[in-house]
Amino acid sequence: MPKLTIDGKEVEAGADLNLIQAAELAGIEIPHYCYHPGLTIVGNCRMCLVEIEKAPKLQIACNTRVAEGMVVHTKSDKAKTAQKAVLEFLLINHPIDCPVCDQAGECKLQDYYMDYDQQPSRFPLPEKNHKGKAIDIGSGVMLDQERCILCARCTRFFDEVTKTSELAIFERGDHNRIDINPGQPVNNKYAGNVVDICPVGALTEKEFRFRMRVWYLHRTASVCGGCERGCAIDIHHHRGRIYRFKPRFNPGVNSYWMCDEGRHSFPALQNETRLTSPLVQSKDQLVSEPWGEGIRRAASIIADYKRTYGANSIAAVIDATSTNEEAFALKQLMKTAIGSDRIATLSWSPPGASGDDDLLIRANKNPNARGLAALAIPADGLDGLAAAVASGELKMLIAMRADLVRAFGEEEFVRRFGALDYMLVLSADANETCQMANQVWPIAAYPEIDGSFTNFKGRVQRINAAFPPPGAALAGIEAIARLGHALDGVDRPSSANAVFASMAAAEPAFKGLSLAALGEHGADLAS
Amino acid sequence: MERILTRWLDIPDLRKLDVYAGNGGYKALRKALFEMKPEEIINEVKNSNLRGRGGAAFPTGVKWSFIPKDSKKPVYLCCNADESEPGTFANRYEIEFDPHCIIEGIAIACRAVGAHTAYTYLRGEFTVQKRILDAAIAEAYANNYLGKNILGSGFDLEVFTHRGAGAYICGEETGLLESLEGKRAYPRNRPPFPAIQGAFGCPTVVNNIETLSNVPHIINRGADWYKSIGPEKSPGPKLFCLSGHVNKPGLYELPMGFPLKDLIYDVGGGILDGKALKGVIPGGSSFPIFTAEEAVKVNMDFDSVRAAGSLMGTAGVMVMHEDTCMVDALKTIAHFYHHESCGQCTPCREGCGWIEKLLIELEAGRGKMEDLKTLVDAATNMEGNTICVLADSLSMPVKSFVPKYRDEFEAHIKLGRCPFKTSSAQQAA
Ligand SMILES: Cc1cc2nc3c(=O)[nH]c(=O)nc-3n(C[C@H](O)[C@H](O)[C@H](O)COP(=O)(O)O)c2cc1C
Ligand code: SF4
Ligand code: SF4
Ligand code: SF4
Ligand code: FES
């Protein structure tokens, strides 16, 4: 690996790295706009100019590969002067509408201005060029051409990543503007990414516009639950509410991107149907009860069925949107506390859902289908359970996140499972299956829990609780642990770390893994 | 002096193939095909010290030698006929009057670098010129100076012509390549250089028309002969485009190193109306201006002009006499670059417009003293910091006009109007 010196620090960097990346290794930020590691290099913003000893002119760091013995100065007078000058040039025609700009707080123009320039503009304001503002370009994206610094990140995204080229630069010189081809609005399942990569407030999300100042938002690393790809994301939230999902870099999963479906999947996770209290069927109605009572009730009913009909009169169905920890905890509960080997996966995707494409989107809308398979929970076990119901062997069902009514349709559900005696449903929201249940327990949605999902390629990625679940809702593994304790008096782990550790000890697929060691990019299943 | 590049003045109908061939035409190509190895051609051109006529004065033989030998990809030659530099009009006459010389130069260059496809990129306005060149190319094909197995040598060459859509930046070699590939003429960052990754990702030589039309003469008469014309390091016959306030503007072939003073006062017949000389830009509009005192001391070759503080560029010599408002002249130049900047790089995109706007204000008498500093600062900050040198092409005039004619700039500010216009004319304007 070539060794070079950046601002006096010695850095060893892979030969294919550019100076922006190499400097980053040394903890030095070289300011840049057009460079994006997921796109080709255009070198047009000229913000990353640095001084390289023996080079006659300043060089752009983004288009300069590291070389042995290179001596780079990113903060020399010459480099600073050039960087300041670029900022000054950028601001000549910039509208400076920060007070009403959604990008404020995460705007690279603002940031660098604070870092480098902070001098009043020499150009009188009335002379600025005017271009289009608040243009709806389609797919929920708004364009402000005056704020645009023409870094061509958005055009490169559509040219290189989705290969659809909806945006282009029109005119020339300082009349240049980003635009769609006349009459051809953006219609792209990945359009939200251009909002993410736009370094200024020129591209904003219609949904997010004026909703929240970004500096109030906290970020929690997670994984999108929208499909079996499991794109790495950051959950942006404030006071227990999610404001947006943003993709998080994971080279083995989603690179820098995510799809719009996944991006806009969070409202469903926090709507008014969220369950906040355990419920029990009473006179054809679901009424609240405290956890203690609910747990006791379920435990005694399980004990009754076990005694009267045997342990295999009780089965569990777990939805493939559940975490690895939930699945493992439930599987263990069935085995050790109940003694039943009846457990099946519900893996389904709504009719009309998008199919596989070349980039990220998968037809299988379950973030953890592979995880459940790795835990040997049969994906085709539901038919067997239905048969057991029909034959009268199966009396009680514990449904974890499994919305059987929606998955099968009411008629088919009744045909298959209508003869059940008792159904305990653990669910984040009050779905149709809850209406059919004898008992309902409110559990946390995935943004509210620690744990992990295994994507379709076997990459295990961690999710983290962004904030606590609403009301009395509990993490799924906590509810399972409490039920288990009520059944056999054994203390079961209820932290995701501990459950994962037992899983790694018991399950060959997870051998050698630990939740804490998954890191930001996750790790592949052992087998 | 013997006319070399402008033989058409002595030989009527030189543009016709039979006339061209009857006057020694395509002899150099035969020599290059049958008597010389490609390296020998490159060496001969290297030894001749021929330097590019497109503006950058890069040694042509050296440029050719950068093309990888035994390239697995095809090699291309692009002949730059975008000729858009203000005050520059040599290539168009060469195409109109001596197209076979260009074709012969292209063929020899292709043989030297191992190219079997050549593109000639003509500026959008060259409709007539394209027709003439196409006709000459057709004649050359018909007589097997182009096409398969040229003259039985086994060497194949296809030549295409392509007309741009009218932008100065299409003449910048990498902008040209992008445009040729059907894209917006956005110049490319270097590295990679065209010699490694040019047209369609393949090794490519880009040469100006005039550069290539020197080549047959060099091959015919040898590098030593060539070097004997003008200064040894910057030799050869040169086409000068003389424009502005002279009595006889036009295209003149003169040896390199010809005194600028003689070009203006002898060849050009002196200044219009016997007025005094005020300034000369020696190489198109993209370079520093010479004051009258500087101009009369300069010899017109690449090195002498550089030593005197400017660049010879395309040898578009623009002469301005005493009645020229230098603020207005610079404003006109700035307008051109503002209009032609592709807008890719921040400093050029924003700087060219900024400078023009400042000059509009200054020329109208609405400027402030600090604007002069801002002008020079903006120009300085543009220079050397962009993808191509269009930014420098405005920076250099600004940085020379302002200090050299500072009193005129200040006069505009102090008077609140242009001193070269009566106040009524100012109001009308
Ligand atoms: C803005 C700009 C415009 C240019 N226009 C032309 C042109 O019209 N014709 C030309 O031959 N070279 C032009 N050039 C120079 C070319 O980039 C290139 O140097 C030249 O074609 C190389 O040929 P040569 O080595 O034979 O001179 C231009 C350069 C710049 C920066
Ligand atoms: S809209 Fe944003 S991403 Fe696109 S060119 Fe402008 S600043 Fe760059
Ligand atoms: S591709 Fe799948 S995981 Fe990725 S963002 Fe879209 S829905 Fe979510
Ligand atoms: S310097 Fe100007 S013309 Fe050249 S690439 Fe940059 S913006 Fe375009
Ligand atoms: S980041 Fe290097 S030029 Fe834009």
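To find a chain, count down the sequence lines: A is the first, B the second, and so on, and within it residues start at 1. Note that this is a predicted model, so its numbers are computed, not measured.
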Kindly indicate whether the side chain of B:K399, heavy atoms from C-beta on, has any atom under 4.5 Å from the side chain of B:E383.
-> yes

Return yes when atom NZ of B:K233 has more than 12 non-hydrogen atoms of other residues, nucleotides or ligands closer than 6.0 Å, and no otherwise.
-> no

Heavy-atom distance under 4.5 Å to chain B: side chain of A:L49, backbone, both or neither?
-> side chain

Does CG in A:D97 sit with more than 12 non-hydrogen atoms of other residues, nucleotides or ligands closer than 6.0 Å?
-> yes

Can you tell which of B:E350, B:H338, B:H339 has the highest number of heavy-atom pairs within less than 4.5 Å of chain A?
-> B:E350

Are any of the side-chain heavy atoms of A:R46 and B:N381 separated by less than 4.5 Å?
-> no

Return yes when atom NZ of A:K133 has more than 12 non-hydrogen atoms of other residues, nucleotides or ligands closer than 6.0 Å, and no otherwise.
-> yes

Distance flag, aromatic centroids of A:H36 and A:F157, threshold under 6.0 Å | no

Determine, using ring centers only, whether A:Y112 and A:Y33 are less than 6.0 Å apart.
-> yes

Of the backbone (N, CA, C, O) and the side chain (C-beta and beyond), which part of B:Y337 lies under 4.5 Å from a heavy atom of chain A, both, or neither?
-> neither

Taking the side chain as every heavy atom from C-beta outward, state whether A:M142 and A:I135 have any atom pair closer than 4.5 Å.
-> no

Looking at A:A79 and A:E51, what are the two nearest heavy atoms and their distance?
-> CB-N, 4.2 Å

Residue B:C352 versus chain A: region with a heavy atom under 4.5 Å = neither

Residues of residues 165-174 of chain A with any heavy atom under 4.5 Å of a heavy atom in chain B = A:I169, A:F170, A:E171, A:R172, A:G173, A:D174

Contact list (residues 164-184 of chain B to chain A, heavy-atom gap under 4.5 Å, by number) returns B:G166, B:A167, B:R184

Kindly indicate whether the side chain of A:P199, heavy atoms from C-beta on, has any atom under 4.5 Å from the side chain of A:C151.
-> yes

Nearest heavy-atom neighbours spanning B:S84 and B:R123 = CA-NH1, 3.5 Å

